[in-house]
Amino acid sequence: MQPRRSRRLTTEVAGLKLQNPTMLASGILGTTSDMLRRTAQSGAGAVVTKSVGLEPREGYPNPTVIEVECGLLNAVGLPNPGIHSFAEEIRSLEGLEVPLIVSVYGFSPEEYAEVAAVAVQAGADAVELNLSCPHVKGAGSDVGRNPKLISEVVKRVKDAVDKPVFAKLTPNASDIVELGEAAVEAGADALTAINTVRAMTIDVETARPILANKIGGLSGRAIKPIAVRCVYELYRVLDVPIIGCGGISSWRDAVEFILAGASAVQIGTAVASKGLDVFRLVAEGIESYLERKGYGSVKEIVGLSHRG
Amino acid sequence: MRIVEVKAVKDENPNVRTLFFADDLCSSAKAGQFVMVWIPGVDEIPLTLSSIGSQSMDGFSSVTVAEVGEATRALKSMETGELIGVRGPFGNHFETISRSGRALVVGGGIGMASLMPLIDRLTMEGVETTVLLGVKSRRDLLFTERLSELSSRGGINLLVTTEDGTYGAKGLVTELAENVISSERFEIIYSCGPEAMMHKIFKIAEEHRIPAQLSLERIIRCAIGICGSCVLGPYRVCKDGPIFTSDQLRTVRDFGKFKRGFDGRKTPI
């Protein structure tokens, strides 16, 4: 069921028009056009695909996803069919009622640019650079912890595409603001914060790490305060729109991110507990909040917690 | 994830072993639901529960594994006292019909595992049930004792086919199903087995306008409906399935034709 359209909820991120500020986070369900369409129809204001690279990748053996206290731990290993195969899925989403953002990763700045170019050519409304996957060597946060590499990747991609470029940042660095600054100076149109937090879990009965990759990324409830802090710090010094991500499962979580400085929010892990209705429920909750507090638009409360 | 001890094992045939364990959540599972079984240090694989604690005499639940690769070989070689990890039960379940109806259950090979708790349920509820089991050869028969006990008690009408004719009727279980469906009236057809087989069963059911519930399989990673590995059309096999109705499958173009590999690319079935 589509949420009822509301002028209060419409917003804009780097030129993309969103009917409501909720987005499907990358890595969740975004593997096929059918699932992306179903997610859009369930009420997401925009959808982000699972990260795609140049070549097909099988990812890691199981266990790849495991529930832990207050969250979800994963090391799936960026499985994807490669951009040339995935371009088919993008093309078959022509006419999708919400913006389609393709998440892109690479093992070099050139690869990021090549993948982004094919994605945009196939019909992506924007690309989100995965500079933050914590568990694949040579890609993701191996690139995204290094401001110089971030800058190179963003520049290359900006040169290769004429659509908005989002940079998704890792919290697994000493200073996320430094990473955000590098991306923005290189031309990023928006920042997504944050990807998962490096973490692991060990089974005490068998004395073994549970994830096949041993170390993975933590998402969900446990990381929300970290993510809110990251958004808050980025908003304080940078002028581009920020998309908040990390542990959002209710309208209250979403509003917290928006007050910290997020123009939109991404939801992922909560799809497991709340189902695909979560987008509609969060959007409706934000609307009730705005109405109750007397705001005419969600844009009025972006970064409101920063006031003196 | 819960770590459980293997309490007993039973070799169904030279290639298939059932592992029994005690677990509260699995005990209250419903027929057709699956668990993710962790073989420490090796892999984690989806397996439908082949018995459910609350329905079995000793209170144990079980999974039944056929050796097809590294993970299943490791699991099949597990002995009493060894430890496995269990997540779940996950997914939806078979819906049973009222006792006035007649049910047809069609199992192909190891697919019979997910149908066993359903057969238990149907007989417990007094539904008149015909079970068709198809295997390649006599040595591939499985759940022989459980099925023949139900059959001798009059709980089910059991018919077996082998492709080489070494036991029961010679031929494919789909051929037998077609004959049975043409000559008797069923309110519902349940099936689990190779997808090509189930696709045929689905077609036969459609021709005779009988609703079917089929248990499908895809690559499963998270099992909680978020990773997108097991998608089939607009459905997630792990969350919206693994049991699908004919109403749902009628519009799924890939059913019986394509599955997705670990990298998400489509390959023919």
Margin query: Heavy-atom cut-off 4.5 Å, strictly under: side chain, backbone, both or neither for B:K266 against chain A?
Written below: neither
Notebook entry, point to check: What's the shortest heavy-atom distance between B:F262 and A:P79, and which atoms?
Noted result: O-CB, 3.4 Å
Note to self: Salt bridge check, B:R2 against A:D203: does any charged N sit closer than 4.0 Å to a carboxylate O?
What the structure shows: no
Note to self: Counting C-beta onward and ignoring hydrogens, is there a side-chain heavy-atom pair between B:I224 and A:E67 closer than 4.5 Å?
What the structure shows: yes
Check: Within a strict 4.5 Å, meaning less than it, do heavy atoms of the A:T201 and B:M1 side chains meet?
Finding: no
Next item on the list: Check whether B:D254 gets within reach of chain A through its side chain, its backbone, both or neither, counting any heavy atom under 4.5 Å.
Entry: neither
Next item on the list: Answer yes when B:R260 and A:E89 have at least one side-chain N-carboxylate O distance shorter than 4.0 Å, and no when they do not.
Entry: yes
Checklist line | Distance in Å, A:I66 CD1 paired with B:R221 CZ, rounded so as to fall on 0.5 Å steps | finding: 15.5 Å
Notebook entry, point to check: Measuring heavy-atom distances to chain B, does A:A212 have an atom under 4.5 Å in its side chain, in its backbone, in both, or in neither?
Noted result: neither
Notebook entry, point to check: What is the minimum heavy-atom distance between A:G268 and B:I226, and which atoms define it?
Noted result: O-CG2, 4.3 Å
Next item on the list: Return the minimal non-hydrogen interatomic distance between A:V271 and B:G225, and the atom names on each side.
Entry: CG1-O, 4.1 Å
Notebook entry, point to check: Crowded around B:E70 CD? As in, over 12 foreign heavy atoms under 6.0 Å?
Noted result: no
Compile the donor-acceptor pairs under 3.5 Å between side chains in residues 213-221 of chain A and protein atoms, sequence neighbours left out, one pair per line.
residue	atom	partner	partner atom	Å
A:N213	ND2	A:I215	O	2.9
A:S219	OG	A:L72	O	3.4
A:S219	OG	A:T269	OG1	2.7

Notebook entry, point to check: Hey, which of B:D43, B:V42, B:I45, B:I219 has the most heavy atom pairs under 4.5 Å with chain A?
Noted result: B:D43
Note to self: Heavy-atom pairs under 4.5 Å with chain A - which of B:A223, B:G233, B:G261 has more of them than the others?
What the structure shows: B:G233
Item checked: Nearest-0.5 Å distance, CD of residue B:E44 to CD1 of residue A:I210 -> 9.0 Å
Check: In this structure, are over 12 heavy atoms from other groups packed under 6.0 Å from A:R252 atom CZ?
Finding: no
Item checked: Contact leader toward chain B among A:P56, A:S273, A:G275, A:P63, where contacts are heavy-atom pairs under 4.5 Å -> A:P63
Next item on the list: Taking atom CZ of B:R209 as the centre, report whether more than 12 heavy atoms of other residues, nucleotides or ligands fall under 6.0 Å from it.
Entry: no
Notebook entry, point to check: Is the CD atom of A:Q121 crowded by more than 12 outside heavy atoms at less than 6.0 Å?
Noted result: no
Margin query: Minimum heavy-atom separation for A:M35 and B:P234, please, with both atom names.
Written below: SD-O, 3.5 Å
Next item on the list: Of all the heavy-atom pairs spanning A:P81 and B:G264, show the shortest one and how long it is.
Entry: CB-C, 4.3 Å
Next item on the list: Tell me, yes or no, whether the heavy-atom count around B:K76 atom NZ, taken from other residues, nucleotides or ligands under 6.0 Å, exceeds 12.
Entry: yes
Margin query: Quick one: does any side-chain atom of A:N62 pair with a main-chain N or O of B:I220 as donor and acceptor, under 3.5 Å?
Written below: yes
Next item on the list: Would you mind checking which part of A:R208 comes under 4.5 Å of any heavy atom in chain B, side chain (CB onward), backbone (N, CA, C, O), both or neither?
Entry: both
Next item on the list: Count the heavy-atom pairs under 4.5 Å between each of A:L29, A:L36, A:T31, A:T206 and chain B, then report the option with the highest count.
Entry: A:L29
Next item on the list: Look at atom NZ of B:K257 and say whether more than 12 heavy atoms of other residues, nucleotides or ligands are closer to it than 6.0 Å.
Entry: yes
Checklist line | B:K200 atom NZ: more than 12 heavy-atom contacts under 6.0 Å | finding: no
Notebook entry, point to check: What do you reckon, is CG of B:D24 surrounded by more than 12 foreign heavy atoms closer than 6.0 Å?
Noted result: no
Next item on the list: To the nearest 0.5 angstrom, please state how far the CG atom of A:N80 sits from the CZ atom of B:R265.
Entry: 9.5 Å
Margin query: Any heavy-atom pair between the side chains of B:E5 and A:E205 that's under 4.5 Å?
Written below: no
